Amino acid sequence: MEARLNVFANPISGKVIKHLGAAGRAVSESALPASTQELVKIRASQINGCAFCLDMHTKEAVHAGETHQRLHLVAGWREATVFTDAERAALELAEEGTRVADANGGVPDEVWANAAKHYDEEQLLALVTLIALINAYNRMNVMLQLPAGDYQVGQLV
């Protein structure tokens with residue numbers, strides 16, 4: 001599979017990725033736990049079918065010490081016993097935020113309230129921003145058909 005456009009050589013996409021990356025750095029420097037950030041990126045990427053992001057974020061998560069067991073269970077987090085209540089709340093918010101077009105009125109109040117039980121205002125804003133950013137990356141990558149499998153840890157972070 002070959003990408004429809006070379007996003008790494010295009011000046012417009014270079015500018016866009018630079019700015020998205022800057023927003024991503026603000027999130028990564030927040031108090032939102034790094035492991036939660038990777039789990040959220042993986043779950044949104046699963047929902048959106050973004051193989052490139054799945055390749056990237058699973059490899060980055062393993063490199064950061066995440067277990068294969070937890071990574072294999074992200075898609076079935078509701079039934080899995082390996083996630084904390086806070087991680088479960090973040091994964092639920094990620095799902096609802098990713099599927100916002102499917103919801104009547106957006107993210108349900110009970111989903112938001114559950115996340116707010118586990119995260120302070122700064123962390124919630126970081127979580128919302130992270131969900132928006134990974135969805136933007138997913139949509140770009142899916143539309144451009146970026147191939148997956150060759151990502152090397154640290155290549156883009």
Side-chain angles (χ1 to χ4, degrees), residues 7 16-144 146 148-149 151-157:
V7 297
V16 170
I17 291 169
K18 176 183 172 185
H19 292 291
L20 289 174
R25 279 188 296 286
V27 171
S28 68
E29 294 169 1
S30 75
L32 184 65
S35 59
T36 301
Q37 292 182 41
E38 289 300 332
L39 294 173
V40 164
K41 292 176 204 175
I42 291 165
R43 185 62 190 128
S45 299
Q46 289 172 333
I47 292 167
N48 290 323
C50 183
F52 184 87
C53 286
L54 284 168
D55 185 36
M56 176 181 178
H57 295 296
T58 54
K59 287 175 179 174
E60 291 291 345
V62 168
H63 181 73
E66 188 58 76
T67 68
H68 288 282
Q69 179 189 30
R70 284 170 40 97
L71 292 177
H72 292 306
L73 291 171
V74 171
W77 65 267
R78 282 183 171 81
E79 294 80 23
T81 59
V82 297
F83 301 107
T84 67
D85 288 343
E87 289 169 337
R88 298 167 72 75
L91 288 165
E92 183 176 35
L93 186 60
E95 285 188 1
E96 293 293 333
T98 298
R99 294 184 170 131
V100 73
D102 299 336
N104 236 349
V107 174
D109 290 338
E110 53 275 4
V111 171
W112 182 263
N114 189 33
K117 286 191 315 192
H118 300 282
Y119 300 103
D120 63 26
E121 190 172 302
E122 177 190 331
Q123 292 170 317
L124 283 169
L125 186 56
L127 188 54
V128 167
T129 303
L130 177 64
I131 294 164
L133 284 171
I134 193 60
N135 274 279
Y137 278 119
N138 288 167
R139 282 157 174 75
M140 287 174 59
N141 294 340
V142 168
M143 284 187 272
L144 296 173
L146 262 63
Y151 180 82
Q152 301 295 314
V153 172
Q155 180 179 335
L156 296 176
V157 290

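We count residues from 1, following the sequence as given. Owing to the predicted nature of the structure, the values given are computational and were not obtained by experimental measurement.
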Give me the atom names and distance for the closest heavy-atom approach of Ala61 to Ile42. CB-CD1, 4.4 Å

Residue of the set Thr129, Leu125, Leu127 for which side-chain contact (heavy atoms from CB on, under 4.5 Å) holds with Val27: Thr129

Between Asp55 and Tyr151, is there a donor-acceptor pair closer than 3.5 Å when you use the side chain of the first and the backbone of the second? yes

CD1 (Ile17) and CE (Met140) are apart, to the nearest 0.5 Å, by 5.0 Å

Just how far is it from atom CG of Asn114 to atom CG of Asp109, taken to the nearest 0.5 Å? 12.5 Å

Determine the minimum heavy-atom distance between Gln152 and Glu60, stating which atoms define it. O-OE2, 4.4 Å

Spatial distance of atom SG (Cys50) from atom CG (Leu146) [nearest 0.5 Å]: 7.5 Å

Ignoring hydrogens and angles, tell me if any N or O in the side chain of Glu96 forms a donor-acceptor pair with the backbone of Leu93 under 3.5 Å. no

In short, Asn141 meets Cys53 closest at the heavy-atom pair ND2-SG, 3.3 Å

Heavy-atom distance under 4.5 Å between the side chains of Lys41 and Tyr137, does that happen here? no

Is the shortest heavy-atom distance from the side chain of Leu144 to the side chain of Phe52 under 4.5 Å? no

Roughly how far apart are Thr81 OG1 and Gln69 CD, rounded to 0.5 Å? 7.0 Å

Would you say Arg88's side chain and Phe83's backbone share a donor-acceptor pair under 3.5 angstrom? no

Is the backbone N or O of Gly149 less than 3.5 Å from a side-chain atom of Lys59, with the two atoms forming a donor-acceptor pair by type? yes

When every non-hydrogen atom of Asn135 is compared with those of Ala44, the smallest separation belongs to ND2-CB, 4.2 Å

Between the main-chain N or O of Glu92 and the side-chain N or O of Arg43, is there a donor-acceptor pair closer than 3.5 Å? no

Minimal non-hydrogen separation, Gln123 against Pro33, with atom names: NE2-CD, 4.2 Å

How long is the gap from CG on Leu71 to CD on Glu66, to the nearest 0.5 Å? 5.0 Å

Just so I know, are the side chains of Thr84 and His118 near enough to count as touching, which here means a heavy-atom distance under 4.5 Å? no

For Thr98 and Arg139, the nearest pair of non-hydrogen atoms, with its separation, is O-NH2, 3.8 Å

Supply the atom-to-atom distance His57 NE2 to Leu39 CG, rounded to the nearest 0.5 angstrom. 12.0 Å

